[in-house]
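Okay, so here's the structure we're looking at.
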Amino acid sequence: MKYSEWVAPERYNLTSEMERYAPGKVALKWLGENGEEAEISYGDLLKQANRLAGGLAKLGLEKGDKVLVTVPRRIIAYAIYLACLKLGLVIIPSSEMLRAKDLSYRLRHSEARAVISWPSVTGEVDRIEDELPELKHRIVAKEAGDLSAEEGWLNLNALMEGQSDTFETADTSRDDMAILAYTSGTTGNPKGVVHTHGWAYAHLRITASWLDIRESDTVWATAAPGWQKWIWSPFLSVLGSGATGLVYSGTFEPKRYLHLLQDYKIGVLCCTPTEYRLMAKSHGLDEYDLTNLRSAVSAGEPLNQEVINEFRKHHNLTIRDGYGQTESTLLIGNLVGSPVRLGAMGKSMAEGLALVVDDEGTPVPPGTVGNIAVHGELPALFREYFKDPDRKQQSMRGEFFITGDRAKLDEEGYFWFEGRGDDIIISSGYTIGPFEVEEALMKHPAVKECAAVASPDEIRGSIVKAFVVLREGVEGTQELIKDMQSRVKEWTAPYKYPRKIEFVTDLPKTASGKIRRIELREQEKRNAAK
Ligand code: ATP
Ligand code: MG
């Protein structure tokens, strides 16, 4: 098989990746919103997980049972994931920002037997009105030492009491389900993506050359539990590399982030384009000492050139973009040491792993826009969409799984992102990727964030409309619109310029912070219909 180096041993449990490090090594450092601090070693983290696994087993939960976990950025989140996986349970990672209707959808669709939650979320679970006949246990995690519990809930600390520090990991196969991850829902209802233990084996090895984590590093991967990206980086890649992870509970604030990067001597940073963008556009980026920061990567959305330039200018640091999906892992990226081409996402993570194909599944030559695709045999590709086995098949073209995103390759094998298939704008017969327009607009000093979408037009079918958030203190005038339009025409092919620009204070985003162009597009359609 082509991808044999990424195929896990037949009997394999992903938690084995975290059990080979010195027990005394600090695994996680936690920092609370108000400066509270805590840390835990690999040895103690595993003991905690083992006690919890013992407690969960005593409740009667067993291999294959599904557990929805909705716990914020805390050390206990790591212990819970480890415990469930050691026991062979299937985790449904869920953000603490989900509301009753989102939780209900996931609980019912997955037929979860237990939910492990946090005091701030139990209320949302209790608000669910639908019948949940499969749901037998509601468990609430609390601060260490707190044994209280809300009515109808079991306290997780109490569950761990008296349990053994050791626990024999369930005998799982590489094909056993480990994670049932619902997608971000950027374009529609979330889909339940089934990942196996073997997926994690492949993920760890494929992404290693992108993240470049060393055991001696303190790593800050900012994703929150509940998103697949949390499993990718803070959970699997940090603990699977024997490094120390920073867990920060506070909210995003650019200056605070820069301070933490400096004070905690972060060596590897993994965050979203939005976070980088706001740091780059906040005044005083050069006031921080980021000399320890060796590796900085971005994923989840397109990364703008301007952001890369700002960090280069002030810190001689090149942020490396990476592209992936909940359905697989990182497929395309800029590996450490290989030259970054501004505006491109990087290259296939390995020969033949990601490619660009036409709608029939035939690879297209460089320069032609097509579908980003991945080989169906890749061990890091999901097994199926839960309870919807045909859906994966619908995305297969011959040997390839079609991601739904559009891009073109250049002669050297770099991928240039065009946009999500649905976000592509067709105007007067021209196909325009929103990202190119946004990229050009971002070069304008007045622009903080922007999104380009199709707006219905009687003559052209659609025109490009840009929604722009201005930097603090800038006033949105007609002159500014004219200036932006003429500058965009200089920076990109003139037919791509936004014929309409609207200033807004915010862009619609998913809970994970991705721009929801679909909302703006729908809004334009509704307005046109009026
Ligand atoms: P849904 O499938 O429910 O609509 P989603 O696609 O946003 O949600 P994810 O799997 O979290 O859910 O996100 C993967 C998508 O994010 C990719 O298909 C792509 O559109 C976008 N993406 C990820 N990384 C990058 C990147 N580096 N550059 C551009 N786009 C990216
Ligand atoms: Mg998707």
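Counting starts at 1 for both ligands and their atoms, following the listed order.
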**Prompt:** Looking only at heavy atoms, which two atoms of Lys448 and Lys281 are closest? And how far apart?
**Reply:**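 For Lys448 versus Lys281, the nearest heavy atoms are CA-CD, 4.3 Å.
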
Within reach of ligand 1, part of [X] (heavy-atom separation under 4.0 Å):
X	answer
Phe417	side chain
Gln228	neither
Lys229	neither
Asp321	side chain

**Item:** Subset of ligand 1 atoms that lie under 4.0 Å from at least one heavy atom of Thr326
**Value:**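 Close to Thr326: 9 (P), 10 (O), 11 (O).
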
**Item:** Enumerated ligand 1 atoms positioned under 4.0 Å from heavy atoms of Gly300
**Value:**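 Result: 16 (O), 21 (C), 22 (N), 23 (C), 24 (N), 25 (C), 31 (C).
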
**Request:** Please work out which of the three classes, parallel, tilted or perpendicular, describes the rings of Trp230 and Phe235, given edges at 30° and 60°.
**Result:**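 Rings of Phe235 and Trp230: parallel, under 30°.
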
**Message:** Checking the side chain of Asn334 only, and the main-chain atoms of Met345 only, is there a donor and an acceptor separated by less than 3.5 Å?
**Reply:**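 A pair under 3.5 Å: yes.
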
**Asked** So, for Tyr257 and Trp220, is the gap between ring centers shorter than 6.0 Å?
**Response**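 When the ring centroids of Tyr257 and Trp220 are compared, they turn out to be within the sub-6.0 Å range.
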
**Asked** Are the aromatic ring centres of Tyr182 and Phe386 under 6.0 angstrom apart?
**Response**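 Not under 6.0 Å, so no.
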
Are any of the N/O atoms on [X], whether in the backbone or the side chain, positioned under 3.5 angstrom from an N/O atom of ligand 1?
X	value
Gly322	yes
Thr403	no
Asp405	yes

**Candidate with minimal heavy-atom separation from atom 3 (O) of ligand 1, of Asn334, Thr510, Thr183, Ile372** =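 Considering heavy atoms of Asn334, Thr510, Thr183, Ile372, the nearest to atom 3 (O) of ligand 1 sits in Thr183.
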
**Prompt:** Can you find a side-chain donor-acceptor pair between Thr196 and Asp175 that sits under 3.5 Å?
**Reply:**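 No.
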
**Prompt:** Do Val453 and Glu524 touch side chain to side chain, with heavy atoms closer than 4.5 Å?
**Reply:**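 Yes, close enough: below the 4.5 Å cut-off.
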
